[in-house]
Every structure is written in structure tokens, then in C-alpha cells.
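One structure is given below, encoded as C-alpha cells.
The structure displayed is predicted, hence computed values, not measured ones.
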Amino acid sequence: MANDVREQLAKHLSVFLADTYRLTVKSHLYHWNVVGPLFKSIHDLTEQHYENLFAATDDLAERIRALGHLAPVNLHDGKLDLTVELPGDGVPDAHAMIADLVTQHEAMSARMRDMATYAGDNGDVVTEDLLTERITFHEKAAWMLRALITE
């Protein structure tokens with residue numbers, strides 16, 4: 001595989017790594033702070049999600065290293081931005097939490113899909129497979145969360 005392809009893949013995987021950390025933290029915050037009739041469902045589902053997401057950070061970082069780069073490679077001024085933004089003011093209600101998580105999972109799967117195609121087109125089936133696995137997780141997470149608020 002060409003060095004420029006490895007570099008592009010590592011850069012994008014680093015973005016996914018940071019995105020995954022942010023979504024891990026957000027899922028954990030919602031897990032702790034959800035209230036209302038959907039408490040148990042959201043509490044349990046977000047726990048499953050943040051555990052999966054946290055484990056995925058190691059897989060993403062190890063793939064970046066296997067491509068020959070430091071994890072992460074998208075540091076700005078020596079800092080990795082892991083800012084977590086919540087919708088509205090303060091902690092949102094349960095419905096807004098779910099809608100926010102659905103949006104985040106859908107956006108991540110869409111971005112990963114483009115990079116999985118790029119990896120496959122350039123003969124990196126390992127990165128393509130890793131991203132396919134992550135896309136599968138994010139699409140299922142979005143579906144399960146959406147099912148909680150669909151009437």
C-alpha cells in the first residue's frame with residue numbers, strides 16, 4: 001500500500017478515534033443523567049453503547065499504529081479536541097438525548113462508509129473490515145435508539 005494512502009487512512013481513523021471518544025463520553029453522560037419513564041431502557045442501552053465504543057477506541061488506535069502512524073495523528077497545537085457538545089442548555093431531556101445520539105451514530109456511520117470504500121479501493125481490506133464492523137454497530141445503535149422514541 002502506498003505511503004500516501006496509509007497517511008490518509010491514519011488521518012481519517014484518528015478523526016474517528018476522537019469522534020468515538022466524544023460519543024463514548026456523551027453516551028456515559030446521558031447514561032448517568034437520564035430520568036423519566038424511559039430511564040431503564042436508555043440507561044441500559046447507553047451502557048452497552050459506551051462499553052462498545054470504548055473498546056473500539058483501542059481497535060482504531062491499533063489500526064493507526066499498524067498503518068505506521070502515531071495514534072492519533074490529528075493533534076492541533078499538541079492537543080486532541082475531545083469537546084463534548086450537548087444540545088440546548090444543560091443536560092437535555094430523555095427524548096432529546098436519544099435524538100442527539102441517533103444523529104451522532106448516523107453521522108459517524110456515514111463518514112466511516114466513505115473511508116471504508118476508500119480503504120477497499122486501495123487494497124486495505126483490514127481497515128475496510130474494521131470500518132464495516134464499526135458502521136454495523138453505529139447503524140444498529142441508531143436503530144435501537146430510534147425505536148425508543150418512534151410512536
Can you tell me if [X] uses its side chain to pair, donor with acceptor, with the backbone of [Y] under 3.5 Å?
X: Asn122; Y: Asp124; result: no
X: Asn33; Y: Leu29; result: yes
X: Arg22; Y: Lys26; result: no

Between [atom1] on residue [X] and [atom2] on residue [Y], distance to nearest 0.5 Å:
X: Met115; Y: Ile135; atom1: CE; atom2: CD1; result: 10.5 Å
X: Glu51; Y: Thr24; atom1: CD; atom2: OG1; result: 11.0 Å
X: Ser109; Y: Lys140; atom1: OG; atom2: NZ; result: 14.5 Å
X: Phe16; Y: Lys11; atom1: CZ; atom2: NZ; result: 14.0 Å
X: Ser27; Y: Leu145; atom1: OG; atom2: CG; result: 8.0 Å
X: Leu38; Y: Ile149; atom1: CG; atom2: CD1; result: 9.0 Å

Taking [Y] as the starting point, is it possible to reach [X] by hopping between hydrophobic residues whose side chains are less than 4.5 Å apart?
X: Leu148; Y: Phe39; value: yes
X: Val125; Y: Leu60; value: no
X: Trp32; Y: Leu101; value: yes
X: Val126; Y: Phe137; value: no
X: Met112; Y: Trp143; value: yes

Close side-chain approach of [X] and [Y], heavy atoms under 4.5 Å:
X: Glu128; Y: Thr117; value: no
X: Asp44; Y: Lys40; value: yes
X: Asn3; Y: Arg6; value: yes
X: His69; Y: Leu13; value: no

Determine the minimum heavy-atom distance between [X] and [Y], stating which atoms define it.
X: Val35; Y: Ala94; result: O-CB, 3.8 Å
X: Ala142; Y: Val102; result: O-CG2, 3.8 Å
X: Ala61; Y: Leu17; result: CB-CD2, 4.2 Å
X: Ser14; Y: Ile64; result: OG-CD1, 3.5 Å
X: Thr20; Y: Ala56; result: CG2-CB, 4.4 Å
X: Tyr118; Y: Leu9; result: CD2-CD2, 3.7 Å

Practice task
Step by step, work out the side chain to side chain contact (heavy atoms under 4.5 Å, CB included) result for Val91 and Met97.
Solution key: CA-CA 8 Å; Val91 177; Met97 286 178 183; 3.5 Å; yes
Problem - Tyr30/His43 aromatic ring centres below 6.0 Å - result: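 Ring centroids of Tyr30 and His43 are no less than 6.0 Å from each other.
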Exercise for the section: Report yes if the distance between the aromatic ring centroids of His31 and His49 is under 6.0 Å, otherwise no. Expected result: no
Exercise for the section: Could you tell me which residues satisfy side chain to side chain contact (heavy atoms under 4.5 Å, CB included) with Glu133, sequence neighbours excluded, listed by chain and number? Expected result: none
Handout entry: Note: Glu106-Arg146 ion pair, threshold 4.0 Å (strictly below)
Key =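 Here Glu106 pairs with Arg146 in a salt bridge, since their nearest N and O are under 4.0 Å apart.
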Problem - Pair listing, side-chain hydrogen bond (donor to acceptor under 3.5 Å, both in side chains) test, anchored in residues 52-62, at least two apart - result: Asn52-Arg134
Practice task
For the residue pair Tyr50 and His28, categorise the inter-ring angle as parallel (less than 30°), tilted (30 to 60°) or perpendicular (more than 60°).
Solution key: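 Plane angle under 30°, so parallel.
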Exercise for the section: Flag yes if more than 12 heavy atoms outside Phe54 fall under 6.0 Å of its CZ atom; otherwise flag no. Expected result: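 Open.
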